[in-house]
Every structure is written in C-alpha cells, then in structure tokens.
Amino acid sequence: MTKKEVMELLVLIESIYSNCIFKDETIQQWFEFCSEMDYEKVKAKVKKHIRRSPFPPTIADIAVFSFDDNDFPIILQEWIKKGCERIESHSKSNKRGPLPAWLAEYSPRKSVSS
C-alpha cells in the first residue's frame, strides 16, 4: 500500500469518526505497518468496521497480510489420505488375537481360540 492510499484510509476514518484525529506519529506508524498490506482488502475491512463499530479502528482491526505460498495444504492432503488408507486397511484386516481368559467373560466379542 502506498502512502497516498494510507492517507485516503485515514481521511475516511477521520471523516466518519469525528472525535478521531490522527497525530503525526500515529500517521507514521500507519505508513510503516500498512506498507505490506493490500489496499483494496484493507479498505473493505475499514468499511466493514465502520458499519459495525461506533469506535475508530485500530491497525489490528483492519490489518490484512498476504501469506507466502507454501506446500502445506498438499502435504496435509497427502497425510489425510495416508491416514484414511491406514484406517481402512486396519479395519479390513482386523487381526485381533483371541481374548485372554480373564477378559472373555466381560466382552461381547466371542473368543476365537483353537
């Protein structure tokens, strides 16, 4: 976001919230924090905040950071798939041994001992 875009947002906020006046130091902090943000997304959050709150937004209320692309969703999908396959193969094989004698009388499962 450019300084001009930050100023447009601050003017919008000051025009809606009449008791809100930004100091020079505050404007510098907004420039610093908003430089990494997408203007259109932040503006949308400001408008949403204006509709919902009688108080001026803080940077935390309207911050929108872009996340770096990573392959985590792909890894997660592979992990889920392997887990499902492992559960299915385990339930199909169901290789439980016979119940111990001390547990057999308390279990609804019948012991399959030879």
Side-chain angles (χ1 to χ4, degrees):
M1 185 182 316
T2 65
K3 287 186 176 187
K4 180 182 176 192
E5 292 169 335
V6 173
M7 286 305 298
E8 288 176 16
L9 290 175
L10 296 178
V11 167
L12 173 64
I13 293 168
E14 283 185 344
S15 67
I16 299 296
Y17 300 101
S18 57
N19 61 343
C20 178
I21 299 171
F22 292 106
K23 298 177 185 176
D24 290 341
E25 299 84 24
T26 307
I27 294 171
Q28 289 297 331
Q29 289 174 345
W30 278 74
F31 284 153
E32 181 181 335
F33 290 115
C34 292
S35 65
E36 302 170 15
M37 298 181 207
D38 180 78
Y39 173 70
E40 293 301 325
K41 291 179 182 177
V42 172
K43 188 175 180 180
K45 283 190 84 171
V46 168
K47 289 180 178 181
K48 183 178 179 181
H49 182 88
I50 288 170
R51 287 191 297 270
R52 295 182 178 198
S53 177
F55 305 104
T58 62
I59 293 175
D61 293 330
I62 62 169
V64 178
F65 294 100
S66 60
F67 296 103
D68 296 333
D69 291 336
N70 60 34
D71 58 350
F72 179 73
I74 296 168
I75 294 171
L76 180 63
Q77 290 297 325
E78 291 172 0
W79 181 77
I80 291 171
K81 183 178 177 183
K82 287 178 184 177
C84 289
E85 290 170 355
R86 186 174 55 248
I87 290 169
E88 288 174 4
S89 68
H90 178 72
S91 65
K92 286 179 183 177
S93 63
N94 199 5
K95 296 183 180 181
R96 289 196 246 175
L99 289 173
W102 62 268
L103 183 59
E105 68 181 280
Y106 302 106
S107 175
R109 183 170 71 116
K110 301 295 179 192
S111 180
V112 188
S113 57
S114 323

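Computed from a predicted model, the values in this text were never measured in an experiment.
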task: Please answer whether the main-chain N or O of T2 pairs with a side-chain N or O of E5 as donor and acceptor at a distance below 3.5 Å.
output: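 Judged by distance alone, yes, a pair lies under 3.5 Å.
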With [X], which residues qualify under side chain to side chain contact (heavy atoms under 4.5 Å, CB included), at least two apart?
X: L12; result: S15, I16, V46, I50
X: I21; result: E14
X: A44; result: none

message: I need the K23 NZ to Q29 CD distance, nearest 0.5 Å.
response: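 Rounded to the nearest 0.5 Å, the NZ-CD separation comes to 10.5 Å.
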Pair F31-M7, side-chain contact (heavy atoms from CB on, under 4.5 Å): steps then yes or no: CA-CA 9 Å; F31 284 153; M7 286 305 298; 3.7 Å; yes
- prompt: Under the ring-ring contact (aromatic ring centres under 6.0 Å, His included) rule, what pairs show up with a residue in residues 3-22, not counting sequence neighbours?
  reply: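 Every pair satisfying ring-ring contact (aromatic ring centres under 6.0 Å, His included) with a residue in residues 3-22: F22-W30.
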message: As a quick check of understanding, evaluate side-chain contact (heavy atoms from CB on, under 4.5 Å) for E78 and I74, giving each step before the final call.
response: CA-CA 6 Å; E78 291 172 0; I74 296 168; 3.7 Å; yes
query: Between V64 and M37, which heavy-atom pair has the shortest distance, and what is it?
result: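 Heavy-atom minimum between the residues: O-CG, 3.2 Å.
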With T58 via side chain to side chain donor-acceptor pair (under 3.5 Å) - residues at least two apart: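 Expected list: D61.
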ILVMFWY network linking V11 to I13, side-chain heavy atoms under 4.5 angstrom: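 Each belongs to a different hydrophobic cluster.
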query: Linking I/L/V/M/F/W/Y whenever any side-chain heavy atoms sit under 4.5 Å apart, do L9 and F55 land together?
result: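 No, L9 does not connect to F55 through the hydrophobic network.
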message: Applying side chain to side chain donor-acceptor pair (under 3.5 Å) as the test, list every pair that has at least one member in residues 34-54; sequence neighbours left out.
response: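 Non-adjacent pairs meeting side chain to side chain donor-acceptor pair (under 3.5 Å): E8-Y39.
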